[in-house]
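Written out below as structure tokens is the structure these notes cover.
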Amino acid sequence: MDTLPPLRALQIFETLGHSQSLQEAARRLQITPGAISQQLRLLEETLGCRLTYKEGKRLRLTAAGVRFHEICTQAFELLREGQQEMERSRNTSLLSISALPSMLKTWMAPLAFQWQEQYDPELTLHLKGSHAEPDLEAEQIDFRITYGQAAARPRSFTELYTDRVVPACSPSLLQGHAALRHPRDLLNYPLLSSDWQPRFTSPPSWRDWFESLNIDSGDAPLDRFRVFSLSHMALESALASQGFVLAQCSMIEKEVRSGQLILPFSHSLPLPWPYVLTRRAGAFESPHSQDFHRYLLNRARQQEQINQDILTQALS
């Protein structure tokens, strides 16, 4: 068959197959049931086979109709995806950023908002939090910030910084308790931690932290007590005075400076891998993407010093 069925008839059949009701399809398409019946007859005549049959008051798809509907649905989905991609490519006032959820919430989003206000408040930011590594080209994501362990290393790969973890707590957690004189005193408090497995190697644990100071934690359940899958959830628990957290320095700058969190000891451990930045091939076609890239790299270079500044604010 050289001639394809009319596009309008295909569109109506695809909608009809999802609703299996002339009235519901008519409502979705904002046309009359009679117009749907007319287009359906035209499609069946063009294909030379029955696509539907009546069962009581409902309209059902024949076996051939079910198969053809699957093909139509796939085709229209591709068309819709293509249309969305063209719309995104025409939108020169959009910056799309993907990052790990906790990184996005505590580090990336505040910086992106700050840059947006300075560069162009009218610019649209599309922020997507995801543990899964996205297809930057297919999803039209300009930049992806992820953990170095998970990232592929294309030419656009750039290392940002390696974070560190340090004990932190809300000041109210210590009220009414004896002053902390030695790191082993933390064993008297609930300990909050993050476990990123199996997707990533987890950040240093409390056991790692105590062992690095040659402190025997004894029978303390350091690897199973109040463990969170997301770093920002453990941090929020600490802010609610629910325990000490091994917090990433880059995620607690504001809270430490404001006094919402305090650091009883300055001893810290580095994460096993750095955070890294990748970008899609056409990201630099937009001037705002180039500016954001420069801004982000400059801010990442400052992070090591910021982390050191945070650690100097430890109580002891």
Side-chain angles (χ1 to χ4, degrees), residues 1-99 101 104-105 109 112-113 116 120-144 279-283 285-286 288-289:
M1 181 185 297
D2 296 329
T3 303
L4 289 173
L7 181 60
R8 182 58 171 164
L10 292 172
Q11 180 189 28
I12 288 174
F13 175 66
E14 194 237 354
T15 302
L16 179 63
H18 289 303
S19 59
Q20 295 193 23
S21 162
L22 283 173
Q23 287 71 26
E24 174 61 19
R27 185 189 66 79
R28 294 186 187 184
L29 294 167
Q30 296 184 335
I31 58 177
T32 65
I36 291 180
S37 297
Q38 183 182 14
Q39 290 293 323
L40 183 58
R41 285 195 299 271
L42 175 61
L43 182 59
E44 289 178 332
E45 291 172 1
T46 303
L47 295 174
C49 67
R50 291 289 302 277
L51 299 174
T52 63
Y53 67 95
K54 281 287 191 69
E55 187 180 86
K57 294 184 178 181
R58 298 194 65 81
L59 196 66
R60 303 295 187 186
L61 299 181
T62 65
V66 169
R67 177 58 185 148
F68 190 64
H69 184 261
E70 291 175 354
I71 296 172
C72 287
T73 297
Q74 293 172 8
F76 277 104
E77 283 301 317
L78 286 174
L79 286 172
R80 293 183 186 109
E81 290 175 7
Q83 181 183 16
Q84 291 171 1
E85 183 173 337
M86 293 301 100
E87 290 174 351
R88 287 194 295 266
S89 65
R90 290 198 311 270
N91 189 351
T92 58
S93 298
L94 171 68
L95 182 67
S96 180
I97 305 167
S98 171
L104 180 65
K105 182 179 188 296
F113 297 155
Q116 180 190 34
D120 181 3
E122 300 300 318
L123 185 76
T124 298
L125 285 178
H126 182 197
L127 305 179
K128 178 180 180 181
S130 170
H131 283 114
E133 295 304 309
D135 185 330
L136 303 186
E137 304 301 329
E139 299 180 45
Q140 287 290 292
I141 294 173
D142 297 306
F143 298 103
R144 165 70 174 174
R279 57 180 171 82
R280 67 179 180 86
E285 293 176 3
S286 300
H288 62 257
S289 292

Sub-4.5 Å side-chain heavy-atom contact between Thr15 and Phe76: no
Return a table of donor-acceptor pairs under 3.5 angstrom between the side chains of residues 66-75 and protein atoms on other chains or two or more places apart.
unit_1: Arg67; atom_1: NH1; unit_2: Glu70; atom_2: OE1; d: 3.2
unit_1: His69; atom_1: NE2; unit_2: Glu14; atom_2: O; d: 2.8
unit_1: Thr73; atom_1: OG1; unit_2: His69; atom_2: O; d: 2.9

Reported CG-to-OG1 distance for the pair Leu95 and Thr124, which is rounded to 0.5 angstrom: 10.0 Å
Beyond-backbone contact of Ser96 with Gln140, side-chain heavy atoms, under 4.5 angstrom: no
Asp142/Arg279 ion pair, N-O < 4.0 Å: no
Which residues share a salt bridge (Lys or Arg N to Asp or Glu O under 4.0 Å) with Arg50, sequence neighbours left out: Glu44
Contact summary for Pro5 and Leu47, nearest pair of heavy atoms: CG-CD2, 3.9 Å
Side chain to side chain, Leu59 and Lys54, heavy atoms closer than 4.5 Å: yes
Side-chain donor-acceptor pairs under 3.5 Å in residues 28-38, sequence neighbours left out?
unit_1: Arg28; atom_1: NE; unit_2: Glu24; atom_2: OE2; d: 3.0
unit_1: Thr32; atom_1: OG1; unit_2: Ala35; atom_2: N; d: 3.1
unit_1: Ser37; atom_1: OG; unit_2: Pro33; atom_2: O; d: 3.2

Gln39 side chain to Arg8 backbone, donor-acceptor under 3.5 Å: no
Side chain to side chain contact (heavy atoms under 4.5 Å, CB included) assessment of Phe13 paired with Leu42: CA-CA 11 Å; Phe13 175 66; Leu42 175 61; over 6 Å; no
Separation between CG of Leu43 and CZ of Arg41, rounded to the nearest 0.5 Å: 12.0 Å
Approximate separation, where rounding is to 0.5 Å, of Leu16 CG and Leu40 CG: 6.0 Å
Shortest non-hydrogen contact between Ala112 and Leu125, atoms and distance: O-CD1, 3.7 Å
Atom pair NE2 (His288) and CG (Asp120), whose distance is rounded to the nearest 0.5 Å: 9.0 Å
Distance in Å, Glu133 CD paired with Arg144 CZ, rounded so as to fall on 0.5 Å steps: 4.0 Å
Nearest heavy-atom neighbours spanning Ser289 and Ala283: CB-O, 3.0 Å
Euclidean distance, Arg58 CZ relative to Leu22 CG, rounded to 0.5 Å: 10.5 Å
Heavy atoms of other groups near Tyr53 OH, more than 12 under 6.0 Å: yes
